[in-house]
Amino acid sequence: MPSLQTALPPELANNVIRLYRECLRRAKYIGHQQHNTELLVNMVRQQFKRNKHETDLEKIQKLKDDAARGLINHILYESERLSGRKASKST
């Protein structure tokens, strides 16, 4: 069975790996604050493992977009929390 890196174009595989690592970092960060690190890290791992054999490039892009959106939302939340103000929503 081919690995993710050999089954996908290199630029896509590299992006997925970078995204996975960043999701794990955020899960550890949030988990440390919430005292549930293991649970959150396992959730991230399960989500990526569940889709590791996906070959449909459109679905892979959607999964990547969803993960990236979650990371961006958390980064915005943290910056708001640390600054004590709400970021404005653009409509």
Next on the checklist: As a quick check of understanding, evaluate side-chain contact (heavy atoms from CB on, under 4.5 Å) for Arg26 and Ile75, giving each step before the final call.
Outcome noted: CA-CA 9 Å; Arg26 288 285 160 175; Ile75 291 168; 3.5 Å; yes

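Here the CG-CD1 distance, from Leu39 to Ile30, works out to 11.5 Å after rounding to the nearest 0.5 Å. A distance of 4.5 Å separates CG of Leu63 from CG of Asn51, quoted to the nearest 0.5 Å.
Under the salt bridge (charged side-chain N to carboxylate O under 4.0 Å, His left out) criterion, Lys28 pairs with no residue, sequence neighbours left out. Every residue two or more places apart in sequence or in another chain that forms a salt bridge (charged side-chain N to carboxylate O under 4.0 Å, His left out) with Arg25 is listed here: Glu22.
Leu24 and Leu40 end up in different hydrophobic clusters when Ile, Leu, Val, Met, Phe, Trp and Tyr side chains are linked at under 4.5 Å.
Identified under the side-chain hydrogen bond (donor to acceptor under 3.5 Å, both in side chains) test for residues 32-47, with sequence neighbours left out: Tyr29-Gln33. Residues in residues 67-78 take part in these salt bridge (Lys or Arg N to Asp or Glu O under 4.0 Å) pairs, two or more places apart or across chains: Asp66-Arg69, Glu78-Arg81.
In this structure, the side chains of Leu71 and Leu19 come closer than 4.5 Å at one or more pairs of heavy atoms.
For Asn15 against Arg18, the heavy-atom pair with the smallest separation is OD1-NH2, 2.6 Å.
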